[in-house]
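See structure below.
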Protein chains: 2
Amino acid sequence: MPATIKDVARVAGVSVATVSRVLNGFSNVLPATRRHVEEAARQLGFAPSAAARSLITRRTDTIGALLPDLHGEYFSELIRGMDQAARSHGLHLLVSSAHGHAQQAAAAFGAMRGRVDGVLVMSPQVSEGGSVVDALGSMACGLPTVLVNTPDASRRLPSFVVDNLGGARAMVEHLLATGRQHLVFVGGPRHNHEATERRRGCLEALAAAGAPKPWELEGDFTEAAGQAAGRRIAERLRAARPKLPRPQAVFAANDMTAVGVLAALTAAGLRVPEDIALGGFDDVPIARYLSPALTTIRVPIVELGTAATHALVQRIENGPQQEAASPPGAFTPSVLPVELLHRRSTALPAG
Amino acid sequence: MPATIKDVARVAGVSVATVSRVLNGFSNVLPATRRHVEEAARQLGFAPSAAARSLITRRTDTIGALLPDLHGEYFSELIRGMDQAARSHGLHLLVSSAHGHAQQAAAAFGAMRGRVDGVLVMSPQVSEGGSVVDALGSMACGLPTVLVNTPDASRRLPSFVVDNLGGARAMVEHLLATGRQHLVFVGGPRHNHEATERRRGCLEALAAAGAPKPWELEGDFTEAAGQAAGRRIAERLRAARPKLPRPQAVFAANDMTAVGVLAALTAAGLRVPEDIALGGFDDVPIARYLSPALTTIRVPIVELGTAATHALVQRIENGPQQEAASPPGAFTPSVLPVELLHRRSTALPAG
DNA sequence: CTGAAAGCGCTTACAG
DNA sequence: CTGAAAGCGCTTACAG
């Protein structure tokens with residue numbers, strides 16, 4: 001039903017080749033001819049068929065984004081960054097979310113083949129079968145791919161990550177600097193790469209400072225898990241058990257966990273930071289509005305999205321030969337720096 | 001470079017027609033033949049070309065989402081709802097954000113033509129040129145379109161909206177019921193349809209109850225605007241001017257505005273809800289974590305996304321004839337109900 | 001500067 | 001049950 005290039009050619013009284021040249025901005029067309037064609041196209045409301053075009057050009061002008069089942073601000077900021085960068089290159093963005101497991105992500109990757117010129121993959125989970133890169137297997141070869149906050153031991157693919165390790169270290173160093181030695185670490189999901197890195201940073205920083213090992217509690221990046229942890233912490237703080245060291249600060253693996261911890265501590269009648277300090281990770285918007293405002297690690301989410309997208313575009317433009325030729329170890333992940341935001345939840349007690 | 005249907009046919013020793021039948025699950029293929037083809041396809045890592053396929057089927061199996069430059073949770077929840085619904089129909093989702101103005105949205109709409117089977121349009125702004133529906137003009141005809149929280153006086157397109165009017169009324173009735181008569185309304189962006197509806201609901205509910213008109217302050221849905229409004233309110237509360245009625249409650253057009261109002265009031269030494277009550281709109285996650293927790297109107301964002309998407313899919317499946325035949329007035333918007341969440345920011349003073 | 005023609009990778013009547 | 005062939009709407013050498 002919609003007009004085709006043939007219709008335009010007929011109305012303009014030229015060949016389809018000429019119409020194509022005009023539409024693609026070639027210079028070797030007489031001004032008068034060009035005008036006729038443009039007039040005919042407008043008159044017919046002509047829109048070129050993307051399918052026909054990409055069949056022959058072998059480009060879809062679209063990039064895909066494979067995302068986990070993210071919650072909240074983090075997700076939207078990331079998409080905004082990706083969309084912004086894609087748009088600046090004249091590309092469209094095809095998103096596919098809710099890929100908790102590496103296998104799901106790999107399946108979605110397969111479904112995108114042929115619809116996109118390249119794919120951004122974010123899949124921080126490491127399941128029994130390994131990371132998403134393992135699940136992808138040979139699929140990724142041929143289709144330009146860039147990883148975002150995704151573990152890849154093989155380093156076969158370009159990768160952008162946030163400095164989870166450095167951020168966790170910075171937080172611990174800050175807590176130590178304020179005189180808190182006895183820490184509680186509330187972790188993230190067991191198989192989540194980011195959670196693992198944050199934990200590692202915490203342990204390393206404590207060890208480097210000669211501070212005692214933290215008391216570790218389990219979590220899963222949710223507020224509910226934080227509340228459960230907070231209740232246990234409150235219990236221990238109140239039970240005056242001289243044998244056990246009194247926790248002086250809580251480092252939650254992400255802000256939502258910290259939100260839960262704070263709620264539980266407050267409900268138990270404890271004061272932050274006077275009775276115990278609290279730090280988070282991510283700097284979600286809620287962080288500054290908590291009482292007390294939450295000390296946390298700001299993560300450059302939009303930048304993460306734009307940087308990965310620009311890298312993907314470059315890879316696409318370098319052509320397919322580059323794809324095949326990436327042996328294991330070919331890429332070193334680009335690490336985006338994070339920033340410690342010092343707020344009241346870790347302030348020194350006035351006394 | 002990637003394998004084509006011809007390669008599969010050659011390896012399997014059959015014709016491309018047979019390969020096509022197998023791949024599309026037709027039943028009229030001998031089991032043995034089917035096996036050969038499947039084996040060949042797997043062996044070659046064959047993935048059908050979406051472009052070639054959609055060129056002939058005239059379907060892209062993709063729907064587009066045109067979104068404004070949204071911030072935060074709202075955006076991600078909406079996308080999650082859309083993606084979820086699209087996936088359930090086996091469709092992909094192409095997103096395009098950052099369309100503040102109706103004209104930008106219309107341009108993006110044009111860029112999507114030919115790449116999608118239908119479009120979800122969210123563009124609450126009404127600029128000089130009218131709403132996005134006006135800017136779309138005849139573009140929408142032919143391409144199935146469903147509006148989301150987007151004004152459309154002509155009612156030429158199916159539309160899903162949140163009950164902004166009813167939500168605003170409910171909030172005002174609640175404030176009146178707690179004995180607060182003198183309200184301040186902090187508005188949203190001047191040309192935003194949702195903001196306009198919320199204001200209208202506020203005014204109507206006050207008028208219906210015989211309450212005085214509110215003191216109106218300008219805003220733009222941002223925290224900064226809320227802070228500015230909050231400072232003016234604090235000023236008036238402190239200047240004991242017997243002529244002017246003392247404001248008893250603030251109704252902010254959205255939660256982020258309320259966040260700013262609260263910050264300014266608190267900074268001025270005023271207590272919420274004791275000195276003045278405060279209500280918002282949206283129920284962003286921050287709302288429950290404020291001190292005091294914010295009374296607000298919960299908006300069913302995920303549902304909005306899924307409902308609109310299902311409607312779009314149905315429209316796509318009904319075929320193109322339906323599109324052309326929609327005269328002005330053909331559609332009544334579907335209004336999704338909202339819910340008043342009663343929290344401490346509007347509680348009655350203990351006394 | 002312009003046109004006729006081949007071809008991109010599929011699907012789908014039409015025969016057999 | 002299977003194949004040969006046309007055709008979807010474009011782009012792009014190749015002539016002229």
Side-chain angles (χ1 to χ4, degrees), chain A residues 1-41 44-62 111-117 142-143 320, chain B residues 1-41 44-62 111-117 142-143 320:
Chain A
M1 210 57 202
T4 73
I5 196 173
K6 270 189 188 165
D7 300 320
V8 178
R10 188 171 26 76
V11 170
V14 298
S15 72
V16 295
T18 299
V19 176
S20 176
R21 288 190 192 103
V22 171
L23 266 35
N24 290 295
F26 284 43
S27 57
N28 52 349
V29 182
L30 279 183
T33 311
R34 177 180 301 279
R35 244 179 298 116
H36 291 151
V37 171
E38 282 166 349
E39 171 55 25
L44 292 168
F46 173 71
S49 154
R53 200 155 194 292
S54 76
L55 181 57
I56 192 134
T57 61
R58 288 156 177 296
R59 297 231 5 190
T60 61
D61 295 323
T62 302
M112 278 195 173
R113 290 177 67 183
R115 325 189 146 264
V116 297
D117 297 331
L143 185 56
Chain B
M1 211 57 204
T4 74
I5 196 172
K6 269 188 188 164
D7 300 319
V8 178
R10 187 170 27 73
V11 171
V14 299
S15 72
V16 295
T18 298
V19 175
S20 176
R21 288 188 193 105
V22 171
L23 266 35
N24 289 295
F26 284 43
S27 56
N28 52 348
V29 182
L30 279 182
T33 311
R34 178 179 303 277
R35 243 179 298 115
H36 290 153
V37 171
E38 283 166 348
E39 172 55 25
L44 293 168
F46 173 71
S49 154
R53 201 156 192 292
S54 77
L55 180 56
I56 191 136
T57 62
R58 290 157 175 295
R59 298 231 4 191
T60 61
D61 294 323
T62 303
M112 278 197 174
R113 289 177 67 182
R115 325 190 144 263
V116 297
D117 296 331
L143 185 56

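Naming: A, B, ... by sequence-line order, numbering from 1 per chain. Note that this is a predicted model, so its numbers are computed, not measured.
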* Starting from P on D/dT12, measure out to CD1 on A/Ile5 and report it in whole angstrom. => 11 Å

* Structure fact -> Atom NZ of B/Lys6 and atom P of C/dT11 are separated, to the nearest Å, by 14 Å

* Distance-minimising heavy-atom pair for B/Phe46 and B/Ile5 -> CE1-N, 3.4 Å

* Let me know the distance between CG of A/Asn24 and C1' of D/dT12, rounded to the nearest Å. => 11 Å

Per-pair distances, 0.1 Å, donor-acceptor, side chain in residues 29-38 of chain B, under 3.5 Å, sequence neighbours excluded:
from, atom 1, to, atom 2, distance (Å)
B/Arg34, NH2, B/Phe26, O, 2.6

* Asked: Hey, does A/Leu143 have a side-chain heavy atom less than 4.5 Å from the side chain of A/Met112?
  -> no

* Heavy-atom closest contact (A/Arg115 atom, A/Thr62 atom, distance) -> O-CB, 3.7 Å

* **OG-CZ distance between A/Ser15 and A/Arg21, expressed to the nearest 0.5 angstrom** => 6.0 Å

* Examine C/dT11: is either OP1 or OP2 under 4.0 Å from a nitrogen or oxygen in the side chain of B/Ser20? Give yes or no. => yes

* **side-chain hydrogen bond (donor to acceptor under 3.5 Å, both in side chains) against B/Asp117, all qualifying residues, sequence neighbours excluded** => B/Thr60

* Please name the pair of heavy atoms, one in A/Arg59 and one in A/Ser54, separated by the smallest distance, quoted to 0.1 Å. => O-CB, 2.6 Å

* Could you list the residues that satisfy side-chain hydrogen bond (donor to acceptor under 3.5 Å, both in side chains) with B/Arg53, not counting sequence neighbours? => B/Asn24

All N/O pairs under 3.5 Å across the protein-nucleotides 1-3 of chain D interface:
from, atom 1, to, atom 2, distance (Å)
D/dT2, OP1, B/Thr33, OG1, 2.4
D/dT2, OP2, B/Leu30, N, 2.9
D/dG3, OP2, B/Ser15, N, 3.0
D/dG3, OP2, B/Ser15, OG, 3.1
D/dG3, OP2, B/Thr18, OG1, 2.7
D/dG3, N7, B/Arg21, NH1, 3.4
D/dG3, N7, B/Arg21, NH2, 3.4
D/dG3, O6, B/Arg21, NH2, 2.4

* Asked: Starting at CZ of A/Arg113 and ending at C1' of C/dC10, how long is that distance when rounded to a whole Å?
  -> 16 Å

* Structure fact -> In whole angstroms, the gap separating C1' of C/dC10 from CG of B/Asp61 amounts to 14 Å

* Atom CG in B/Leu44, atom OG1 in B/Thr4: separation rounded to 0.5 Å? -> 9.0 Å

* d(CD1, B/Ile56; C1', C/dC10) in whole Å -> 6 Å

* **Rounded interatomic separation in angstrom, taking CG from B/Leu44 and P from C/dC10** => 12 Å

* Taking only heavy atoms on the protein side, list every residue of residues 47-55 of chain A lying under 4.0 Å from any atom of DNA chain C, sorted numerically. => A/Leu55

* Can you see which heavy atom on A/Ser49 is nearest to which on B/Leu55, and at what distance? => OG-CD1, 4.2 Å

* Roughly, in whole Å, what's the span from CZ in A/Arg58 to C1' in C/dG9? -> 8 Å

* Structure fact -> Its dot-bracket string being built from Watson-Crick and G-U pairs below 3.5 Å, with | for another strand and [ ] for crossing, DNA chain C has the pattern |||.||||||||.|||

